[in-house]
Amino acid sequence: MQPKLHVKKGDNVVVVSGKNKGKTGRVIAVFPKEQRVVVEGVHVVKKAMRATPDNPKGGFHEMEAPVHVSKVRPLCPSCGKPVRVKKKLLEEEGKSRRVRVCNHCGAVLDG
């Protein structure tokens, strides 16, 4: 069973600890088994690329590396602050769905 994470692909997040502290970006990929996320513009590393027919010169390629999920927090759309997430059950037209909610102001983070 995969662990549930407090961030999803497409969320705007802030890095709250580590050498990239304070950087913001959008979540590009989520790896629940490893508990890691890839954030756009955060933890950019240089990777050596071998020469191929598509890339005849080879060289170095900059790419985002995964960051542990505990180091990021989602940005609340109403507060504008990095927040913790609560899960809440919403009742809409006889249907119920579980959504992520800002722990500070109560705004819904899921669209």
Side-chain angles (χ1 to χ4, degrees):
M1 191 167 129
Q2 292 182 356
K4 301 282 184 187
L5 302 181
H6 61 278
V7 292
K8 292 182 178 180
K9 184 177 177 181
D11 283 351
N12 288 323
V13 295
V14 176
V15 179
V16 292
S17 68
K19 69 176 185 177
N20 294 309
K21 184 176 181 177
K23 288 188 179 181
T24 62
R26 191 172 49 87
V27 175
I28 300 171
V30 178
F31 306 108
K33 285 185 181 175
E34 294 88 23
Q35 293 189 353
R36 295 194 167 267
V37 293
V38 178
V39 182
E40 190 174 46
V42 174
H43 198 209
V44 178
V45 296
K46 288 187 178 183
K47 183 175 179 181
M49 300 296 283
R50 184 172 297 189
T52 61
D54 294 338
N55 185 12
K57 288 184 103 178
F60 293 99
H61 176 70
E62 287 190 352
M63 59 183 284
E64 287 94 358
V67 181
H68 198 269
V69 73
S70 66
K71 293 182 182 273
V72 298
R73 288 210 182 144
L75 274 172
C76 178
S78 61
C79 302
K81 298 178 184 177
V83 294
R84 290 187 189 156
V85 175
K86 287 196 298 189
K87 301 219 173 160
K88 194 174 187 180
L89 201 62
L90 283 184
E91 299 279 339
E92 294 176 347
E93 302 168 7
K95 296 180 182 178
S96 60
R97 65 181 182 126
R98 194 172 295 276
V99 294
R100 296 176 302 148
V101 178
C102 172
N103 197 20
H104 183 68
C105 69
V108 176
L109 298 177
D110 295 331

task = Determine yes or no for a side-chain-to-main-chain donor-acceptor pair under 3.5 angstrom, with Glu91 supplying the side chain and Ser96 the backbone.
result = no
key: Shared hydrophobic cluster, Val13 / Val67 (ILVMFWY, side-chain heavy atoms < 4.5 Å)   = yes
task = Answer yes if Val27 and Phe31 sit in the same cluster of Ile, Leu, Val, Met, Phe, Trp and Tyr residues linked by side chain heavy atoms under 4.5 Å apart, and no otherwise.
result = no
ask   = Hey, any chance Val39 and Val30 share a hydrophobic cluster, counting ILVMFWY side chains that come within less than 4.5 Å of each other, even indirectly?
value = yes
ask   = How close do Val85 and Pro74 get, heavy atom to heavy atom, and via which atoms?
value = CG2-CG, 3.5 Å
inquiry  = Test: side-chain hydrogen bond (donor to acceptor under 3.5 Å, both in side chains). Region: residues 28-54. Which pairs qualify, not counting sequence neighbours?
reply    = none
ask   = Would you say the side chain of Asn103 lies within less than 4.5 Å of the side chain of Val83, judging by non-hydrogen atoms?
value = no
Test side-chain hydrogen bond (donor to acceptor under 3.5 Å, both in side chains) applied to Asp11 - qualifying residues, sequence neighbours left out = Arg100
request  = Might you point out which heavy atoms bring Ala51 and Pro56 nearest each other, and give the distance in Å?
outcome  = CB-O, 3.3 Å
key: Enclosure of His68 NE2 (heavy-atom neighbours >12, cutoff 6.0 Å)   = yes
query = Is Val101 linked to Leu90 within one hydrophobic cluster, defined over Ile, Leu, Val, Met, Phe, Trp and Tyr using a side-chain heavy-atom separation of less than 4.5 Å?
reply = yes
inquiry  = One pair to check against side chain to side chain contact (heavy atoms under 4.5 Å, CB included): Asp110 and Lys8. What are the steps and the verdict?
reply    = CA-CA 9 Å; Asp110 295 331; Lys8 292 182 178 180; 3.8 Å; yes
inquiry  = Could you report the tightest heavy-atom contact between Cys102 and Leu109, atom names first, then the distance?
reply    = N-CG, 4.2 Å
Summary of salt bridge (Lys or Arg N to Asp or Glu O under 4.0 Å) pairs that have at least one residue in residues 67-84, sequence neighbours excluded = none
query = Taking all atoms of both residues into account, what is the closest heavy-atom pair of Val16 and Pro82, and its distance?
reply = CG1-CB, 4.5 Å
Val72 to His6 - nearest heavy-atom pair and separation = O-NE2, 3.0 Å
ask   = Is Leu5 reachable from Val42 through a run of hydrophobic residues whose side-chain heavy atoms are each under 4.5 Å from the next?
value = yes
